[in-house]
Amino acid sequence: MSVETIEKRSTSRKLAPRYRVLLHNDDHNPMEYVVQVLMKTVPSLTQPQAVNIMMEAHNSGLALVITCAQEHAEFYSETLKANNLSSTIEPDE
């Protein structure tokens, strides 16, 4: 009789790295337009949240829009850019 060792696979999953979507200030678009684009691009944002993000970017030059998986972050950033807003993503550390 032989005894076999059965390997138990680890069931823990590594979390996908998260990325921050950043909105950069611009002096070309009206504030109301920026708020509307933010709400359209990231449907989970409320109007007060979008206003706060827009004001943060306006006052300090940069604002965090959302932190999410890389694929979503790239989509959000590209959508903001397609609407003439300046946006980048960076790893969330």
Side-chain angles (χ1 to χ4, degrees):
M1 227 195 270
S2 70
V3 177
E4 289 185 37
T5 303
I6 299 173
E7 285 186 38
K8 186 175 181 182
R9 293 184 129 185
S10 174
T11 56
S12 64
R13 290 186 177 187
K14 279 187 96 173
L15 294 175
R18 296 175 62 77
Y19 283 75
R20 301 188 312 167
V21 178
L22 303 173
L23 175 68
H24 300 258
N25 183 46
D26 73 68
D27 296 321
H28 307 292
N29 294 300
M31 293 180 174
E32 297 81 12
Y33 174 76
V34 175
V35 170
Q36 291 303 315
V37 170
L38 284 167
M39 290 172 45
K40 182 175 74 173
T41 302
V42 185
S44 62
L45 289 178
T46 63
Q47 184 173 6
Q49 289 171 323
V51 169
N52 287 339
I53 293 166
M54 177 273 301
M55 288 305 297
E56 172 93 15
H58 179 72
N59 292 326
S60 61
L62 193 64
L64 174 64
V65 177
I66 192 170
T67 302
C68 55
Q70 182 177 6
E71 188 175 331
H72 292 148
E74 290 170 347
F75 172 77
Y76 292 141
S77 182
E78 291 303 317
T79 304
L80 292 171
K81 290 177 190 175
N83 284 279
N84 299 315
L85 300 182
S86 181
S87 175
T88 56
I89 67 169
E90 67 181 23
D92 185 36
E93 297 174 13

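Counting from 1, the numbers follow the sequence of the chain as shown. Here the structure is a predicted model, which is why all the values come from computation and not from measurement.
Between Ile66 and Ser44, the shortest heavy-atom contact is CD1-OG, 4.4 Å.
Rounding to the nearest 0.5 Å gives a distance of 10.5 Å between CG of Asn52 and CG of Leu45. Taking OG1 of Thr46 as the reference point, atom CG of Leu38 lies at 11.0 Å (rounded to 0.5 Å). Between the CD1 atom in Ile89 and the OG1 atom in Thr67 there is a gap of 11.0 Å [rounded to 0.5 Å].
Under the 4.5 Å side-chain heavy-atom criterion for grouping Ile, Leu, Val, Met, Phe, Trp and Tyr, Tyr76 is connected to Val51 within one hydrophobic cluster. Leu62 and Val34 are assigned to two separate hydrophobic clusters, defined by single-linkage of ILVMFWY side chains at heavy-atom distances under 4.5 Å. Hydrophobic clustering, with ILVMFWY side chains joined whenever heavy atoms are under 4.5 angstrom apart, groups Leu85 together with Val35. Residues Leu23 and Val42 share a hydrophobic cluster, clusters being chains of Ile/Leu/Val/Met/Phe/Trp/Tyr side chains in contact below 4.5 Å.
Val21 pairs with exactly one of Thr79, Leu64, Ile53, Leu80 by the side-chain contact (heavy atoms from CB on, under 4.5 Å) rule, that one being Leu80.
Using a 4.5 Å heavy-atom threshold, the side chains of Asn83 and Lys40 count as touching.
Applying the side chain to side chain donor-acceptor pair (under 3.5 Å) test to residues at least two apart or on different chains, the pairs with a partner in residues 27-36 are Asp26-Asn29. Among residue pairs with one or both ends in residues 72-83, those qualifying as salt bridge (Lys or Arg N to Asp or Glu O under 4.0 Å) are Glu78-Lys81; sequence neighbours excluded.
Not counting sequence neighbours, the partners of Thr88 by the side chain to side chain donor-acceptor pair (under 3.5 Å) test are His24.
A distance-only check finds no donor-acceptor pair linking the side chain of Ser77 to the backbone of Ala73 [under 3.5 Å].
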